[in-house]
J.: 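Dumping the structure here so I can ask a few things about it.
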Number of protein chains: 2
Amino acid sequence: MADTPEPAPSRARPKSGKPTLRTIADLTGFAVTTVSRALGNAPQISVETRRRVHEVAAEIGYLPDRAAQRLKTGRTNVISVLLDPHEEILGYGISLMHGLAKALKDTPYHLIVTPNFINDSNVDAVRHIVRNGMADGLIFSRTEPFDPRVRLLLENGFPFVTHGRTEFSTPHPYVDYDNFAFAYEATRRLISRGRRKPMIILPPKRMTFTQHLLHGFMTAVREAGVAYEIPDEIDLDCPVEQIRDYMSRRAGKPDAPDGFACGGEVSALATITGMSDHGLTLGIEYDIVAKRTSKLLSQIQPKVETIYEDLTDTGEQMGRVLLARIAGEDAAGLQVLLKPQIGFAEV
Amino acid sequence: MADTPEPAPSRARPKSGKPTLRTIADLTGFAVTTVSRALGNAPQISVETRRRVHEVAAEIGYLPDRAAQRLKTGRTNVISVLLDPHEEILGYGISLMHGLAKALKDTPYHLIVTPNFINDSNVDAVRHIVRNGMADGLIFSRTEPFDPRVRLLLENGFPFVTHGRTEFSTPHPYVDYDNFAFAYEATRRLISRGRRKPMIILPPKRMTFTQHLLHGFMTAVREAGVAYEIPDEIDLDCPVEQIRDYMSRRAGKPDAPDGFACGGEVSALATITGMSDHGLTLGIEYDIVAKRTSKLLSQIQPKVETIYEDLTDTGEQMGRVLLARIAGEDAAGLQVLLKPQIGFAEV
DNA sequence: GACGGGACTTATAACGTTTTAAATGAAGTA
DNA sequence: TACTTCATTTAAAACGTTATAAGTCCCGTC
């Protein structure tokens, strides 16, 4: 009647530009259901329809609404990563996350970060995530032989992958570095340089990989029949100055070690400083072989021999493994042990 | 009739334990709407009702479904942080994230991480997040004077906070470190130690804080009337070895600098190594004042004087600022400039 | 010419919230 | 008594998606 140029309302007015299934439905003339299935490439939808729907979807930049999908399907499309605050391993968190993100790229998964404030083993965070369905999968590190987080997750059938192994009989996905091989090789190198009393600086005892490192160290030591020493006052989680002080004190007493296998770059530096407090020089009175996780320090202190652990790669593998696990693959097949590249260790 | 002990079906059977508003409604006898409002502490709901509803909710461990809330309200309860892969600043990403997480604790916000793979300025990621409503707020660093990300966000009225300032006339929330003060103080310290030709190693030119550092440096230099030098072949983003090589080469030529203001710990170490390649010793032939962001290196190289930047605190402040911004506070009031604690710099 | 069955498509009902608009009583007022 | 007001509660609709269960057509078969 009047001059109200009301545009033909399809069904509901799109409130704000954001395209939805309905937008595509209106544009193509198909029903919302059809569009949904077409986008999901359901075989019952004709090829031509699928093509057309995809075309229009791409054209208008359609992106499914995460909230709606999550509400309907129960899948969150979220991977949660528990972050420990330890700084010993340079760039640990960031490298891992970059690897993870690389694996999660081009998947619908988002990476959400839950730092660990409270206790050392973040069981509460894990419980919260499992009970409230906050994620589809979980990632964490620094596992203990009978890690309560792993137990909880296994009991609940919740997908996860650890950086580090456990000793549960039920297999679970993990990506781990062969710390036995690292410690063995590091110690052998010290010995082959003529060092006769190697020492290894270990992570806290409760962690699984501490045992692996110890085992590698002891194997090399026994094979060579040399003396050895394991400090019980310090570990890799200690503040730097504590390690330095310890080394300094130890160097002043009889039968001081003359070779050091260090699980991280920071402890290697602390060792150098501690020893030099006593006038001892790296490469002369003693040697160090350290695990290297960044590009930083080996460039600075070329006399520290290093064996590389690629944390970005680790993260990427963890991402892949977790995705496979979420997709239903068997846990037993999702266990990755990354070997130190002994031959190319200096790269 | 028969002996089917069918329990009175309230309305719908709860399919899997997870409590919902309906659960509370059934338990208390109120309607779902009432429960929802009671939990939101709507003033129209009687005090007694609110109390009772909260009580039951706590009892059964009710937690609102994020997906449903997000779908209905449009709010995502997500904060997105764009992560740069630069390693120069030790522990940058992790410290910041811990601070952020601290600020976000006890809020409904989750922290999701979007690493930057592609180009240096992650405009695409920002655009994606804004256009598809992937988050309620955004956090990023390394701003440029007319940072395209900031422009995009300002245009769209999207809440964000930067680590670093810009030169847009429209104010926006930021938390920044006073790099002018840092460079000024660092340079003055070098000069007061008798150094007569300071050099400053700057970040890439395009970043805003490069100008601040330069300004601080030049101010100190001009005040003292000493010579100075600014390397144009290297910056803080360079690989370590490149910095070391440059220093080594420069030390061999005439009029070499005798004092270094370093924007990070790694470049300080690289400088030390480069200089020592030429037989020059820190504290003898030259001095260094560096920005310190971790506890690691100053313990190792006590002769490097440092000025501290607390990145965890920075992260926490950024979190607070962003929350305030999301809550509607004015951008102009949400600009924080963190001063170097000159007096307590050695802590 | 009715019937079974492919090959496609679709209406409807959820998922768990919040929002809008209304309903219910119990007072208070005229 | 009837009419308003207030305080409190509620039903119904909607957010955008997917799952379930029906539709359509059209073709070949008996």
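A quick note: this is a predicted structure, and the numbers were derived from the prediction, not measured. Here is how names work: the chains are called A, B, and so on, in the same order as the sequence lines, proteins then strands, and each is numbered from 1.
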J.: Could you tell me the separation between the NE2 atom of A:His128 and the CE atom of A:Met134, rounded to the nearest 0.5 Å?
T.: 4.5 Å
J.: From C-beta outward on A:Thr20, which listed nucleotide comes closest to its side chain: D:dT9, D:dT17, C:dT10?
T.: D:dT17
J.: Strictly by modelled atom types, are B:Asp136 and B:Thr76 linked by a side-chain donor-acceptor pair under 3.5 Å?
T.: yes
J.: Check this for me: does any side-chain nitrogen of one of B:Glu316 and B:Arg320 sit under 4.0 Å from a carboxylate oxygen of the other?
T.: yes
J.: To the nearest Å, give me how far apart CD (B:Gln44) and C1' (D:dT5) are.
T.: 16 Å
J.: Do the ring centers of B:His172 and B:Phe160 come within less than 6.0 Å of each other?
T.: yes
J.: Does D:dA11 have OP1 or OP2 sitting under 4.0 Å from an N or O in the side chain of B:Thr33?
T.: no
J.: Grab the two heavy atoms, one from A:Ala68 and one from B:Leu71, that are nearest each other, plus how far apart they are.
T.: CB-CD1, 3.9 Å
J.: Using a 4.0 Å cut-off on heavy atoms, which residues in residues 48-62 of chain A reach DNA chain C? List them by number, or say none.
T.: A:Thr49
J.: Taking the basic N atoms (NZ, or NE/NH1/NH2) and the acidic carboxylate oxygens, is any pair closer than 4.0 Å for B:Glu55 and B:Arg51?
T.: yes
J.: Taking atom C1' of D:dA19 as reference, at what distance in whole Å does atom CG of A:Leu21 sit?
T.: 14 Å
J.: For the side chain of A:Arg37, counting heavy atoms from C-beta on, which of C:dT18, D:dT20, D:dT8 is nearest?
T.: D:dT20
J.: Atom CG of A:Asp65 and atom C1' of C:dT17: how far apart are they, to the nearest Å?
T.: 13 Å
J.: Determine, step by step, whether B:Val126 and B:Phe158 satisfy the side chain to side chain contact (heavy atoms under 4.5 Å, CB included) criterion, reporting the C-alpha distance in whole Å, the side-chain angles of both residues, the deciding distance to 0.1 Å, and the verdict.
T.: CA-CA 10 Å; B:Val126 173; B:Phe158 195 94; over 6 Å; no
J.: Ring pair (Phe, Tyr, Trp, His ring centres under 6.0 Å) with B:His98: which residues, sequence neighbours excluded?
T.: none
J.: Could you tell me which residues satisfy salt bridge (Lys or Arg N to Asp or Glu O under 4.0 Å) with A:Asp310, sequence neighbours excluded, listed by chain and number?
T.: none
J.: Can a side chain N or O of B:Ser46 be found less than 4.0 Å away from OP1 or OP2 on D:dT8?
T.: no
J.: Which residues, if any, of residues 67-77 of chain B bring a heavy atom under 4.0 Å of DNA chain D?
T.: B:Leu71, B:Lys72
J.: Whole Å only: how far is the CG atom of B:Asp26 from the P atom of D:dT10?
T.: 12 Å
J.: Rounded to whole angstrom units, what separation is found between the CD1 atom of B:Ile45 and the P atom of D:dC6?
T.: 18 Å
J.: End-to-end bend of the helix from C:dG1-D:dC30 to C:dA30-D:dT1 (five-pair axes, 10° rounding)?
T.: 80°
J.: At what distance, to the nearest 0.5 angstrom, does OG1 of B:Thr208 lie from CZ of B:Phe146?
T.: 9.0 Å
J.: Give the rounded distance in Å between these two atoms: CD1 of B:Ile24 and P of D:dT9.
T.: 15 Å
J.: Considering residues at least two apart in sequence or located in another chain, which fulfil the salt bridge (Lys or Arg N to Asp or Glu O under 4.0 Å) criterion with B:Arg66?
T.: none
J.: Checking A:Leu83 against A:Thr114 for the side chain to side chain contact (heavy atoms under 4.5 Å, CB included) test, could you report, in this order, the C-alpha distance in whole Å, the side-chain angles of both residues, the deciding distance, and whether it holds?
T.: CA-CA 6 Å; A:Leu83 222 48; A:Thr114 314; over 6 Å; no
J.: In whole Å, what is the span from the CZ atom of A:Arg22 to the C1' atom of D:dG16?
T.: 10 Å
J.: Where the side chain of A:Val32 is defined as all heavy atoms beyond and including C-beta, which of C:dT9, D:dT18, C:dT17 is the nearest nucleotide?
T.: D:dT18
J.: Can you tell me how far P of D:dT9 sits from CG of B:Asn41, to the nearest Å?
T.: 13 Å
